[in-house]
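Throughout, protein chains are lettered first and strands after them, A, B, ... in sequence-line order, and every chain is numbered starting at 1.
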Amino acid sequence: MSDYRRITIAKAGEHTGEPVEIAGWLYNLRKSGKIIFPLIRDGSGTIQCVGVKSALPEDLFEALKNLTQESSVIIRGKIRAEARAQGGFEMDIEGAEIVQRVPEETPYPITPKEHGTEFLFDHRHLHLRSRRQHAVLKIRHEIIKAIRDYFDSNDFTLVDCPIFTPAACEGTTTLFEVNYFDEEKVYLTQSGQLYNEATAMAFGKTYCFGPTFRAEKSKTRRHLTEFWMVEPEMAYATLDDVKRVAEELIVFMVGRVLENRKTELATLERDLTKLEAIKGPFPRISYDDAVEILKKKGSEIVWGGDFGGTDETLLSEEFDRPVMVDRYPTEVKAFYFETDPNRPEVALGVDVIASEGYGEVIGGGQRVHSYDTLLERIKAHNLPEEAFQWYLDLRRYGSVPHAGFGMGVERAVAWLCGLEHIRETIAFPRMLYRTRP
RNA sequence: UCCUCAGUAGCUCAAUGGUAGAGCAUUCGGCUGUUAACCGAAGGGUUGUAGGUUCGAGUCCUACCUGAGGAGCCA
C-alpha cells in the first residue's frame, strides 16, 4: 500500500509510469462487461481510470463495477499518456480502496443530465462538486488573490471594517437590522467606506475586503443580499487617482485569470478574446456624454437620473473594454461625494461599467473634505448628526483630499467567467428568496 | 412591492376537456476502449394546495403557496 505515492490529478502528468494513488470521488462510470472506465475527481481535476477484469481480483473488479456516483474511493495504479483521454492522461487500475459507497437507496441526486436552477441550488452543497461550479469558484479564488496581491504590492494596508454598524452609511439603502443584546439596534454593514476614510488617515492607503449586506428586495441576475466587496481608500488622492487605480486593478486581475485559469475558462467556454481586450487605457467619458450616447441609442434617460440596468448594457455595447463614467449629478450620489468645483451640480464620482453588459463593477470617487460642507450635507440628507461626529472628526483633525472606490467581487467574477447569473459566483448565495443551504 | 411565466415519477420534460407517458437516475441482465457510452427488462404518480365549472379536469375558472425572469432599488 505504501508503495503507491499519493498525488493529485492536476499533477498526474508528472508521474507517468510511477506507482501512485489518487484519493477522490467517482464522478461517472462507464462499463462494458470486462472493462470499466471510472472517471475520478479529486478537487484538483478529473481523470479517467481503466480497470480490466483479467488484471484485477474478482471481488475488487465487481465492487468497482457496481460503484455508485460520488462514492469516495482511493485508486492505485500507474499514469499513462493517452491521446484518447480528455486531459491527455489515464490511470491503469492496479488496486483500490472504497472509502464510502453511496447506497443505491439514496443515490446521488445530481445526475449527469440537466437540472433546473431550483433543484441545483437546493442541493448547492453537492452542486459545488460539478465541473462548471468548480471552475467558477477556482476563478473566484484567483480573482480574490489577484485583488489582494495588487493592493499589497502597491503599499495599501489591509484594515478590515466592522460588520455591525450603528447607522446607515449612506442613508439611502435598506439595511438588515440585528438585535444587539436586546439593548440597541445595530445593522449589517452595507459598505466599509466611512471607516476606510478613518483608516486611510492613519495609514495613507488602505483597503478593506469583506462581506456586505443589502436588504433591498432586488430580484435580478445581478443581485445578492450578501456579497463581497473590496474597498480601497487613499489619503491625498483625487478622482483621477481612483480612475488610475481602478483601471490598474482590473487589468491586473484579468491578466492573472488569463495566465493561471485557462483550464477553468475553457470549461466555462469563455470567449478569451473578450478578456484579452480588457487592457488600459479604458475609455473615460462624462455622465453628460453617456446620457447623449444613451439618447442616441433609444434610451429614455434624461439628464439627472441614474442609469438603469438596460442603460448600462447599452453603454457597454459601445466599447470593447470597461468604460469609466464620471461626474454624475450630485443628486443621485451619496452625501459624502465631493462636488466638481467648476460645476457644483456634478459629483466627483466615477463608475466603471464592465464590458459585455455586466454592469457597474466599480463605483467610487473623491470625498468631501471640508468640515462645513460635510456638516451641511449631513443636515441636508436628514442624517443623525450625533452618529456622524466621529466622521466629522476626520475633517476637524488634518483633513485632506481623499478618494476611494468599491468593487463588487461577485459581479467581477460573473463578468470574467461570462456567467448569466451572479448566484453561481459564490459558494452559498444569499438572495431575496434563498437563505438555504 | 409590482408585472410576466411556470409547478405532472428522484431529475428534465410530454399528454386536443375523454385509460397519466418518455429520457435520465435506481434495480436486474448483456457487452474488453467507453466519452452525458450503448442494448434489453422491471419498479416508480394524491398532476403544488384548497375550492369551483363539467357526465368527465393534468388541461377551464378563483384564491393561496412555491419557483423563475424582469422592473424599481442597488455593487
Side-chain angles (χ1 to χ4, degrees), chain A residues 27-39 46-56 61 65-66 68-70 82-87 90 92 102-123 126-127 130-132 169-170 172-175 189-193 211-231 305-313 332-334 351-354 358-364 405-415 420-423 425 431-434:
Chain A
Y27 196 74
N28 197 7
L29 176 66
R30 289 179 283 267
K31 54 190 171 183
S32 175
K34 298 191 181 73
I35 185 167
I36 55 172
F37 301 96
L39 188 62
T46 59
I47 191 167
Q48 174 166 286
C49 302
V50 185
V52 178
K53 188 171 185 175
S54 55
L56 290 169
F61 182 80
K65 190 176 170 183
N66 293 310
T68 43
Q69 195 189 352
E70 285 300 320
E82 168 60 66
R84 286 173 288 187
Q86 256 188 3
E90 268 184 3
D92 290 317
V102 175
E104 42 274 287
E105 306 85 65
T106 54
Y108 189 68
I110 302 176
T111 67
K113 287 275 177 176
E114 284 168 26
H115 299 281
T117 51
E118 186 188 4
F119 179 81
L120 288 173
F121 281 87
D122 282 344
H123 295 85
L126 304 175
H127 187 207
S130 60
R131 216 189 288 260
R132 261 186 75 84
C169 283
E170 309 186 4
T172 48
T173 50
T174 330
L175 303 175
T189 183
Q190 58 169 334
S191 162
Q193 200 229 291
T212 46
F213 307 86
R214 304 280 166 95
E216 282 132 13
K217 297 204 166 176
S218 300
K219 189 171 156 43
T220 80
R221 66 185 69 190
R222 299 186 307 279
H223 290 88
L224 297 169
T225 52
E226 176 185 316
F227 64 97
W228 286 67
M229 191 153 68
V230 59
E231 297 174 275
D306 208 348
F307 302 138
T310 322
D311 292 324
E312 289 179 352
T313 305
V332 304
K333 287 290 170 188
D351 282 356
V352 181
I353 314 287
Y358 279 91
E360 183 188 343
V361 284
I362 284 179
F405 65 87
M407 180 171 75
V409 170
E410 286 76 13
R411 283 193 182 174
V413 176
W415 172 36
E420 277 296 305
H421 201 296
I422 199 167
R423 66 187 155 214
T425 63
M431 296 177 292
L432 182 50
Y433 297 119
R434 178 170 294 280

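Remark: the separation of the C1' atoms in U12(B) and C60(B) is 27 Å, to the nearest Å. A distance of about 24 Å separates the P atoms of U59(B) and G44(B), rounded to the whole Å. Only the C1' atoms considered, G56(B) is 33 Å distant from A42(B), to the nearest whole Å. Nucleotides C61(B) and G18(B), compared at atom P, are 15 Å apart to the nearest Å. Comparing the C1' positions of A41(B) and C3(B) gives a spacing of 50 Å, expressed to the nearest Å. Comparing the P positions of G21(B) and G58(B) gives an interatomic distance of 13 Å, to the nearest angstrom. On the P atoms, A57(B) is 14 Å away from G17(B), given to the nearest whole Å. Of the C1' atoms belonging to A6(B) and C13(B), the separation is 13 Å, rounded to the nearest Å.
Counting non-hydrogen atoms under 4.0 angstrom, Gln48(A) reaches a base of the nucleic acid. Base contact: Lys31(A) has a heavy atom under 4.0 Å from a base atom.
A41(B) and U27(B) make up a base pair, with Watson-Crick or G-U wobble contacts both under 3.5 Å. Taking a pair to require two hydrogen-bonding distances under 3.5 Å in either a Watson-Crick or a G-U wobble arrangement, A20(B) remains unpaired. When both pairing distances are held under 3.5 Å, C64(B) makes a Watson-Crick or G-U pair with G48(B).
Applying the 3.5 Å distance criterion, the base of C73(B) shares a donor-acceptor pair with the side chain of Ser218(A). A donor N or O paired with an acceptor N or O is not found under 3.5 Å between the base of G10(B) and the side-chain atoms of Glu105(A). If you check distances only, the side chain of His115(A) never reaches the base of C11(B) with a donor-acceptor pair under 3.5 Å. Taking only distance into account, the side chain of Glu118(A) never meets the base of U66(B) through a donor-acceptor pair shorter than 3.5 Å.
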Inset, instruction - For Met229(A) and Ser191(A), run side chain to side chain contact (heavy atoms under 4.5 Å, CB included): C-alpha distance rounded to whole Å, both residues' side-chain angles, the deciding distance at 0.1 Å, then the answer. - result: CA-CA 8 Å; Met229(A) 191 153 68; Ser191(A) 162; 4.1 Å; yes
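As a whole-Å value, the separation of Asp122(A) CG from U66(B) C1' is 11 Å. In this structure, Leu126(A) places its CG atom 15 Å from C1' of A25(B), rounding to the nearest Å. Put simply, CZ on Phe307(A) is 15 Å from C1' on C74(B), counting in whole angstrom units. The separation between Lys217(A) atom NZ and C3(B) atom C1' is 16 Å, rounded to whole Å. Rounded to an integer number of Å, the gap from CD of Glu104(A) to C1' of G43(B) is 14 Å.
Residue order along RNA chain B, read from the 5' end via each residue's closest nucleotide, puts Phe37(A) first among Phe37(A) and Gly408(A).
Within the 4.0 Å cut-off from OP1 or OP2 of G69(B), at least one side-chain nitrogen or oxygen of Arg423(A) is found. The side chain of His123(A) places no N or O atom within less than 4.0 Å of a non-bridging phosphate oxygen (OP1 or OP2) of C11(B).
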